[in-house]
Amino acid sequence: MTATHDLPAAATRADDDARAPLSTMLREGTRAEHEAAEGSAFVDDLLAGRLTVAAYADLALQLHTVYRALEEVGDAVRGTPAGAGVVFDELRRVPALESDLAHLLGPAWRAAADPLPATAAYAAEIRDGGADAGAYVAHAYTRYLGDLSGGQVIGRMVQRHYGVPDAGVGFYAFPAVPKPKPFKDLYRARVDALPLTDAQRDAVVDRARAAFRHNRALFAALGERHRPA
């Protein structure tokens with residue numbers, strides 16, 4: 001495991017690169033991987049209403065494994081000097097996912113949990129960073145800000161196409177974040193304030209790219225399991 005705080009200081013870089021905020025580096029540096037993940041056939045089919053409630057429930061099951069890893073790591077990161085400011089209780093998704101799954105699959109939903117190999121690999125990648133704040137941010141930034149943005153669309157489309165009530169799409173609701181825009185601005189400011197060298201920031205972007213690749217692999221595996229009728 002390579003933690004960002006173990007990396008050597010960066011070699012001299014161009015002034016523009018050195019001044020770029022980490023949040024900008026994350027947005028620009030992961031653009032291709034982000035678009036590839038969003039363009040997966042599974043996501044297209046789900047949002048177009050070509051799948052089933054079972055496919056949506058399976059997605060929620062896989063995400064539960066991912067977010068359980070992310071929030072366990074977040075609890076460890078919270079206790080470090082560098083990480084205390086980038087872990088937000090308002091963003092926790094595991095309780096909402098568990099409530100959704102109880103509605104979708106019943107109180108014994110844990111018995112239906114069947115993490116895909118791609119899901120297990122994604123969770124392992126998250127845990128690999130340990131309590132390193134930069135490694136955590138690479139995953140938390142890509143997941144949580146996506147949930148606050150495009151995730152809202154997914155929730156509405158699932159309700160429209162599959163008749164899932166509010167009780168089954170709580171994952172996409174953030175009652176503790178009534179105004180997403182100011183919150184996302186605060187989140188980015190906290191990320192930008194992390195005391196990281198250039199090399200460490202590059203490592204964060206590399207991990208974020210890997211996060212999107214894991215998302216793409218997860219969607220591909222779900223697409224193999226759930227095909228349009």
Side-chain angles (χ1 to χ4, degrees), residues 27 30-71 91-106 108-126 139-175 177 180 184 208-229:
R27 183 182 69 247
T30 62
R31 189 180 300 277
E33 289 83 0
H34 191 174
E35 292 175 353
E38 285 188 336
S40 72
F42 175 80
V43 173
D44 286 346
D45 289 335
L46 184 69
L47 298 187
R50 293 190 289 264
L51 298 179
T52 63
V53 173
Y56 169 65
D58 198 0
L59 171 62
L61 280 170
Q62 305 308 317
L63 290 178
H64 180 261
T65 295
V66 172
Y67 279 90
R68 189 173 61 185
L70 183 61
E71 290 169 9
L91 298 176
R92 294 183 77 94
R93 297 290 84 202
V94 169
L97 280 165
E98 292 182 349
S99 179
D100 289 348
L101 287 165
H103 174 83
L104 293 165
L105 300 174
W109 65 267
R110 292 179 191 275
D114 182 21
L116 291 157
T119 304
Y122 191 0
E125 168 76 12
I126 292 170
H139 292 286
Y141 183 96
T142 56
R143 287 237 57 101
Y144 290 131
L145 290 199
D147 298 337
L148 281 168
S149 303
Q152 306 299 299
V153 175
I154 295 176
R156 290 194 296 271
M157 297 301 281
V158 166
Q159 291 192 291
R160 177 186 304 173
H161 291 303
Y162 306 107
V164 177
D166 290 348
V169 292
F171 171 73
Y172 300 106
F174 288 82
V177 186
K184 287 188 285 188
R209 291 192 185 106
F212 279 116
R213 290 194 293 270
H214 279 293
N215 270 286
R216 190 177 182 187
L218 173 54
F219 291 148
L222 283 168
E224 288 295 318
R225 181 181 280 181
H226 303 280
R227 296 182 179 274

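Both backbone and side-chain heavy atoms feed into the values below; hydrogens, waters and symmetry mates do not. Just so we're clear, the structure is a prediction, and the values are computed from it rather than from any experiment.
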Problem set entry | Greater than 12 external heavy atoms within 6.0 Å of R216's CZ | no

Exercise. If you draw a 6.0 Å radius around CZ in R160, do more than 12 non-hydrogen atoms from other residues or ligands fall strictly inside?
Worked result: no

Exercise. Cationic tip of R93 within the cone over F174's six-membered ring, i.e. under 6.0 Å and within 45° of the normal?
Worked result: yes

For this session: Verify side chain to side chain contact (heavy atoms under 4.5 Å, CB included) between R92 and Y67, making sure each step is shown before the conclusion.
Result: CA-CA 8 Å; R92 294 183 77 94; Y67 279 90; over 6 Å; no

For this session: Apply side chain to side chain contact (heavy atoms under 4.5 Å, CB included) to the pair V169 and I154, showing each step before the final yes or no.
Result: CA-CA 9 Å; V169 292; I154 295 176; over 6 Å; no

Considering all heavy atoms of both residues, which atom of [X] and which atom of [Y] are nearest to each other, and what is their separation?
X: H103; Y: P165; answer: NE2-CG, 3.2 Å
X: A112; Y: L61; answer: O-CD1, 3.7 Å
X: P228; Y: L51; answer: N-CD2, 3.7 Å
X: A60; Y: L97; answer: O-CD2, 3.9 Å
X: E71; Y: P95; answer: OE1-CD, 4.4 Å
X: A211; Y: H139; answer: CB-ND1, 3.5 Å

Quick one: are [X] and [Y] in side-chain contact, heavy atoms under 4.5 Å?
X: T65; Y: Y122; answer: no
X: D44; Y: R50; answer: yes
X: T119; Y: L63; answer: no
X: E38; Y: V43; answer: no
X: E98; Y: R110; answer: yes
X: R143; Y: N215; answer: yes
X: D100; Y: Y56; answer: yes

For this session: Please check if any side-chain donor atom of D114 sits under 3.5 Å from a side-chain acceptor atom of Q62, or the reverse.
Result: no

Exercise. When you check the side-chain N and O atoms of D166 and Y172, is any donor under 3.5 Å from an acceptor?
Worked result: no

Under a 3.5 Å distance rule, please check whether [X] uses its side chain to pair with a backbone N or O of [Y] as donor and acceptor.
X: Y162; Y: L46; result: yes
X: T30; Y: E33; result: no
X: S149; Y: G146; result: no

Exercise. Got a second to check how far T52's OG1 is from H161's NE2, nearest 0.5 Å?
Worked result: 13.5 Å

Problem set entry | Rounded distance [0.5 Å steps], OH in Y144 versus NZ in K184 | 15.5 Å

Exercise. What class does the angle between the rings of F42 and H226 fall in, given that below 30° is parallel, 30 to 60° is tilted and above 60° is perpendicular?
Worked result: tilted

Exercise. In terms of ring plane angle, is the pair H64 and W109 parallel, tilted or perpendicular, where the classes change at 30° and 60°?
Worked result: perpendicular

For this session: Under the side chain to side chain contact (heavy atoms under 4.5 Å, CB included) rule, what do L59 and F219 come out as? Steps first, then yes or no, please.
Result: CA-CA 8 Å; L59 171 62; F219 291 148; 4.1 Å; yes

